[in-house]
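The analysis underlying the following values was restricted to heavy atoms, covering all of them including side chains, and did not include hydrogens, waters or symmetry mates. The structure presented is a predicted model; accordingly, all values stated were derived computationally and were not measured.
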Amino acid sequence: MKLQDEVDYAAAMKTIRYYSTNRNLDGAGKITPFKGRVSFRDALLQGQAPDEGLYMPDRIPHISHEDILSLKGKPYSEAAMLVAGTFLADEVDVGTLRTIIEDSYPFTVPLENMVDRKYIMRLDQGPTASFKDFAARMMARLMGHFRDSNTRLNVLVATSGDTGSAVGEAFKGIEGIDVTILYPQGEVSERQRKQLDTIGDNVKAISVDGKFDDCQNLVKEAFPDPSLAYLCFTSANSINFGRILPQMVYYFYAYAQLCRSGEGIVVSVPSGNFGNALGCEYARRMGLPVEKLVMPTNENDEFPRFLEKGTYEKVSPSLACLSNAMNVGHPSNLARFFELYGGTVDRTGTVHRDPDIDAMRNNIFSVSISDEETKRCIKKTYERHGIVLEPHGAVGWRGLETYLECYGDFPLCVSLETAHPAKFPDEIVKLLGIAPEVPDSMRGIDERKGNSVRLPVDYTVFREYLRDNLKSEV
Ligand SMILES: *Cc1c(COP(=O)(O)O)cnc(C)c1O
């Protein structure tokens, strides 16, 4: 028979807790480091650590080679069960997790062959035709499961486009949670506006007469406002660990479908805030044989420059490129990459401790792809291989090609397509002379009727709106 404390020890070994990337920042500015560890539930519902750091798991679970290979020929949900289960085993029972996952992924994950054994993984089949659906849908359902059943949660997001609609659609119909999305009137495309305004149900969009930063400031002011504390705000932005976890899954899924006998794979992830690539970094640490993680950026080249030179300098203000969801001059998830390699960087871009850059270079390749190269790549892949890429996916593919040109060919490769080409019809028509096929999820969007609320950039008016329209009870 086991002694009591042996049993506890085993339980403690198994349980994953989450700590803050800022925990070591004693004496750095106004930050009071948070030195505690929290459950997945708390990390999910809080979004960010109290010291504004990002939550990191204190242990990375291992998935055996056998388990990975067993996913071959299985549906996507099996990969999600395997990967999410290793993190959530002691916080969510298996039956509940299965319901959450089946409900999150009623769509396919096509692997399109480009040439030889090089593939495009299309993560664009979800309801908003963006890879952000993968993370947002699972996070929404996990929040629905973990929320305190007596209180309503109010998700508040500022968006400049795609995140808002993915988050809005993901939370649609989730009981006990309402979503308010703020977007800048003049900075979203007509189609994006339609997408946001017409979600309906428990999701409301507010069009703000200002810029994205104004939206973000209104949200930031509302969160700590004591007169609104009764509304239980939570955020759903890309730094929530609940959005990172689902982004580990598709790497395992793709590998299992494409591998022959346990060989390595090169993965290319077009990168902006680095949340998607972080999923691959974790997947490798969990046991996936990733030979190289390729992280191409657009002309916002702070990371490739850092890998080359060893000193970090953010791009500020960020540059407006064709792949607009990647126009990021200081990626928020860089803090997690630094942490995994023994370094510390805060959200202003100040490096407090250098990461092990040799180890980073060993695992990661990064390159900046210009808009010109992006366009050339869209044309070339269509002419040579009949495959239509949109600007983000083209940055990914061109980044992979660049890596192979520098380091020699590698048999098995996958590059991610993170949005559907139909989201960029003008660019595609201009370059290819054909209109991309519109997926079911986007059909009829221009005719949908929506009703948005319009507000000025004025916190007092915004607060009144929240007080009048949001509820605290279920
Ligand atoms: C958000 C987004 C990206 C960038 O992903 P990160 O996780 O922020 O690096 C790439 N492509 C598309 C289409 C996106 O919406």
Side-chain angles (χ1 to χ4, degrees), residues 62-76 78-79 82-83 108-124 131 247-271 276-297 304 307 358-367 369 373-374 376-389 392-418:
H62 186 76
I63 297 184
S64 75
H65 211 68
E66 243 171 32
D67 283 347
I68 297 173
L69 295 184
S70 76
L71 297 172
K72 195 180 254 316
K74 300 268 174 64
Y76 187 79
E78 292 308 312
L82 176 64
V83 177
T108 59
V109 184
L111 289 156
E112 252 173 39
N113 186 234
M114 183 76 91
V115 60
D116 303 330
R117 291 180 69 211
K118 300 180 174 63
Y119 293 84
I120 296 290
M121 174 158 54
R122 290 209 174 265
L123 301 175
D124 58 0
F131 92 96
Q247 293 177 173
M248 301 175 197
V249 175
Y250 32 77
Y251 300 104
F252 286 93
Y253 173 78
Y255 177 76
Q257 311 315 312
L258 300 176
C259 82
R260 284 180 185 154
S261 58
E263 70 275 36
I265 186 167
V266 170
V267 182
S268 182
V269 186
S271 292
N276 200 4
L278 185 71
C280 188
E281 175 73 31
Y282 276 117
R284 187 176 54 69
R285 287 166 188 255
M286 291 166 81
L288 195 72
V290 178
E291 171 76 16
K292 204 80 168 185
L293 166 57
V294 181
M295 292 173 59
T297 65
L307 282 188
D358 291 330
M360 251 185 183
R361 286 173 179 149
N362 203 31
N363 295 327
I364 301 169
F365 173 82
S366 185
V367 59
I369 306 294
E373 268 185 291
T374 305
R376 263 206 306 276
C377 178
I378 293 174
K379 269 179 87 94
K380 207 179 83 183
T381 46
Y382 181 66
E383 283 161 7
R384 289 206 187 157
H385 309 290
I387 286 187
V388 181
L389 296 176
H392 304 81
V395 168
W397 179 255
R398 184 60 205 140
L400 174 63
E401 283 184 333
T402 311
Y403 169 73
L404 299 173
E405 284 157 21
C406 294
Y407 287 82
D409 195 34
F410 195 82
L412 182 58
C413 303
V414 67
S415 183
L416 273 50
E417 176 51 290
T418 48

As a quick check of understanding, evaluate side chain to side chain contact (heavy atoms under 4.5 Å, CB included) for Val294 and Ser366, giving each step before the final call. CA-CA 6 Å; Val294 181; Ser366 185; over 6 Å; no
With side chain to side chain contact (heavy atoms under 4.5 Å, CB included) as the test, would you mind laying out the steps for Leu258 and Leu111 before giving the verdict? CA-CA 9 Å; Leu258 300 176; Leu111 289 156; 4.2 Å; yes
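- Gly399 and Pro296 make their closest contact through CA-CG, 3.7 Å (heavy atoms, listed as atom of the first residue, atom of the second, distance).
- Take Glu78 and apply the side-chain hydrogen bond (donor to acceptor under 3.5 Å, both in side chains) test, not counting sequence neighbours, and it matches Arg98.
- A search for side-chain contact (heavy atoms from CB on, under 4.5 Å) contacts involving Glu291 returns Val266, Phe410, not counting sequence neighbours.
- Remark: Leu82 pairs with Ile63, Asp67, Leu71 by the side-chain contact (heavy atoms from CB on, under 4.5 Å) rule, at least two apart or across chains.
- Taking 4.5 Å as the limit, some side-chain heavy atom of Leu293 sits within range of a side-chain heavy atom of Met295.
- Partners of Glu405 by side-chain contact (heavy atoms from CB on, under 4.5 Å), not counting sequence neighbours, listed by chain and number: Arg398, Glu401.
- Checked against side-chain hydrogen bond (donor to acceptor under 3.5 Å, both in side chains), Glu281 has the following partners two or more places apart in sequence or in another chain: Arg284, Arg285, Tyr341.
- Partners of Tyr253 under the side-chain hydrogen bond (donor to acceptor under 3.5 Å, both in side chains) rule, at least two apart in sequence or in another chain, do not exist in this structure.
- If you take OG on Ser415 and OH on Tyr403, they are separated by 13.5 Å, rounding to the nearest 0.5 Å.
- Contact record, Val269 with Ser271: O-OG, 2.8 Å, taken as the closest heavy-atom pair.
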Tabulate below the donor-acceptor pairs under 3.5 Å that side-chain atoms of residues 376-387 make, not counting sequence neighbours, or state none.
unit_1	atom_1	unit_2	atom_2	d
Thr381	OG1	Cys377	O	2.8
Thr381	OG1	Ile378	O	3.3
His385	ND1	Met114	O	3.3

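- Scored by the side-chain contact (heavy atoms from CB on, under 4.5 Å) test, Thr108 finds Pro110, Gln125 as partners (sequence neighbours excluded).
- In this structure, Cys413 and Ile265 have side chains that are not in contact, with every pair of non-hydrogen atoms separated by 4.5 Å or more.
- For Tyr251 against Ala283, the heavy-atom pair with the smallest separation is CB-CB, 4.2 Å.
- Residue pairs meeting the salt bridge (charged side-chain N to carboxylate O under 4.0 Å, His left out) criterion with at least one member in residues 247-256, sequence neighbours excluded, do not occur.
- At a threshold of 4.5 Å between non-hydrogen side-chain atoms, the residues Thr297 and Val395 do not count as touching.
- Sorted by first and then second residue, the side chain to side chain donor-acceptor pair (under 3.5 Å) pairs with a member in residues 109-120 read Glu112-Arg122, Arg117-Glu263, Lys118-Asp409; sequence neighbours excluded.
- In this structure the side chain of Leu69 reaches within 4.5 angstrom of the side chain of Cys259, judged on heavy atoms.
- Not a single ring pair (Phe, Tyr, Trp, His ring centres under 6.0 Å) links Phe252 to another residue, sequence neighbours left out.
- Residues Thr402 and Ile369 form a side-chain contact, since some pair of their non-hydrogen atoms from C-beta on lies under 4.5 Å apart.
- The side-chain heavy atoms of Thr374 and His392, taken from C-beta on, include no pair separated by under 4.5 Å.
- Shortest non-hydrogen contact noted between Arg361 and Leu307 is NE-O, 2.6 Å.
- Counting only distance, with no hydrogens or angles, the side chain of Lys292 and the backbone of Asn362 share a donor-acceptor pair below 3.5 Å.
- Residues Glu417 and Met121 are not in side-chain contact: their nearest non-hydrogen atoms beyond the backbone lie 4.5 Å or more apart.
- Once rounded to the nearest 0.5 Å, the distance linking CE of Met248 with OH of Tyr282 reads 6.0 Å.
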Set out, in order, the CA-CA distance, both residues' side-chain angles and the distance that settles side chain to side chain contact (heavy atoms under 4.5 Å, CB included) for Ser268 and Val414, then state yes or no. CA-CA 6 Å; Ser268 182; Val414 67; over 6 Å; no
Step-by-step side chain to side chain contact (heavy atoms under 4.5 Å, CB included) determination, Asp124 to Thr418: CA-CA 6 Å; Asp124 58 0; Thr418 48; over 6 Å; no
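- Residues passing the side-chain hydrogen bond (donor to acceptor under 3.5 Å, both in side chains) test with Tyr255: none are found, sequence neighbours excluded.
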